[in-house]
Amino acid sequence: RCMELAPEGKKAQQNRLLTLNYLPNADVVAIYEAHREWAQRTCRELGAPYDEWPVVRDPEKRLRLGYISPDLFQHSVSYFAHCLLEHYDKDSFDVFVYATSTREDQKTALLKSFVPTDRWRNVAGKSPRDVATL
């Protein structure tokens, strides 16, 4: 019903995709197609990808990794992020975190403690292009 009322509403579409994964007799091809259609629609809305990366290839330089998520608080996703952020090889990688939500709690504080302060960035409300240039 939500999708009938607001066919372009992102939350209803995302919830539908999630629910499809839990239907016991669902057609896997139909699930794949639903996800593919959502991805294509979302990519069209975002516009052209940002591909202007000024990269210097240097095997001695540490690799920079960025994690972006709206769920860096007490949420199931944060449990997966916890391990990644706590145990990365600090001698080989510079890790940056881009939080796309303003919601914070004790879990957020814990996750923030795993990366240098200047590498945790709240990007809620910023455009994808603005985030890509950080």
Side-chain angles (χ1 to χ4, degrees):
R1 177 85 174 122
C2 289
M3 293 191 55
E4 291 172 12
L5 295 172
E8 298 304 314
K10 289 189 180 6
K11 286 288 186 189
Q13 293 172 14
Q14 291 171 345
N15 286 337
R16 175 179 169 261
L17 293 175
L18 177 65
T19 302
L20 288 174
N21 290 312
Y22 294 98
L23 297 176
N25 299 319
D27 176 4
V28 295
V29 173
I31 294 172
Y32 168 80
E33 287 300 323
H35 281 82
R36 189 178 63 73
E37 289 169 11
W38 179 86
Q40 288 175 337
R41 186 172 44 251
T42 301
C43 287
R44 278 193 306 273
E45 290 172 9
L46 291 174
Y50 185 87
D51 60 3
E52 301 164 19
W53 308 107
V55 176
V56 175
R57 295 180 186 261
D58 179 356
E60 301 301 317
K61 188 175 178 185
R62 291 157 41 122
L63 184 62
R64 298 176 84 176
L65 300 176
Y67 297 105
I68 185 166
S69 176
D71 303 318
L72 299 170
F73 51 87
Q74 193 69 35
H75 183 280
S76 58
V77 169
S78 71
Y79 291 97
F80 295 103
H82 184 143
C83 203
L84 290 170
L85 297 175
E86 184 176 18
H87 299 290
Y88 72 93
D89 180 349
K90 291 166 183 57
D91 294 326
S92 300
F93 303 103
D94 289 330
V95 169
F96 293 77
V97 178
Y98 302 90
T100 62
S101 170
T102 57
R103 182 174 172 185
E104 294 191 6
D105 59 18
Q106 291 177 328
K107 184 68 171 192
T108 309
L110 178 63
L111 296 175
K112 282 182 173 184
S113 74
F114 300 140
V115 296
T117 307
D118 64 327
R119 294 192 190 145
W120 183 283
R121 299 173 178 171
N122 190 300
V123 295
K126 294 189 184 309
S127 73
R129 183 162 292 277
D130 288 342
V131 174
T133 60
L134 291 176

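This chain uses plain numbering: 1 for the first residue, then up along the sequence. No experiment lies behind these values; they were computed from the predicted model shown.
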Would you compute the distance between atom [atom1] of [X] and atom [atom2] of [Y] and round it to the nearest 0.5 angstrom?
X    : Y    : atom1 : atom2 : result
R119 : R64  : CZ    : CZ    : 7.5 Å
D105 : L110 : CG    : CG    : 10.0 Å
S113 : L85  : OG    : CG    : 9.0 Å
R103 : D71  : CZ    : CG    : 9.0 Å
H82  : H87  : NE2   : NE2   : 6.0 Å

Say whether [X] and [Y] are linked into one hydrophobic cluster, either directly or through other cluster members, by side-chain heavy-atom distances under 4.5 angstrom.
X   : Y    : value
L23 : W38  : yes
V97 : Y88  : yes
L18 : I31  : no
Y67 : F96  : no
L84 : L111 : yes

Residue pair S101 / P70: nearest heavy atoms and the distance that separates them: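 Looks like CB-O, 3.3 Å.
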Looking only at heavy atoms, what is the nearest atom pair of D89 and S92, with distance?
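Closest approach of D89 to S92, heavy atoms only: OD2-OG, 2.9 Å.
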Exercise for review: Would you tell me whether Y79 and Q74 have side-chain atoms, one donor and one acceptor, within less than 3.5 Å of each other?
Suggested key: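 Q74 and Y79 do have a side-chain donor-acceptor pair below 3.5 Å.
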- prompt: Using a distance-only test with no angle check, is there a side-chain donor-acceptor pair under 3.5 angstrom linking H75 and K107?
  reply: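 Side chains of H75 and K107: no pair found under 3.5 Å.
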Backbone N or O of [Y] within a donor-acceptor pair of the [X] side chain at under 3.5 Å?
X    : Y   : answer
S78  : F73 : yes
R62  : K90 : yes
N122 : Y98 : no

Review point. Mind checking whether W120 and T108 have side chains closer than 4.5 Å, heavy atoms only?
Key: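 A side-chain contact under 4.5 Å exists here.
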Below 4.5 Å, heavy atoms only, C-beta onward: do T42 and Q14 meet side chain to side chain?
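Not touching, per the 4.5 Å side-chain cut-off.
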Please name all residues satisfying salt bridge (charged side-chain N to carboxylate O under 4.0 Å, His left out) with R36, sequence neighbours left out, ordered by chain then number.
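Partners of R36 under the salt bridge (charged side-chain N to carboxylate O under 4.0 Å, His left out) test: E33.
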query = More than 12 heavy atoms of other residues, nucleotides or ligands under 6.0 Å from CD of Q106: is that the case?
reply =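 Incorrect, the count does not exceed 12.
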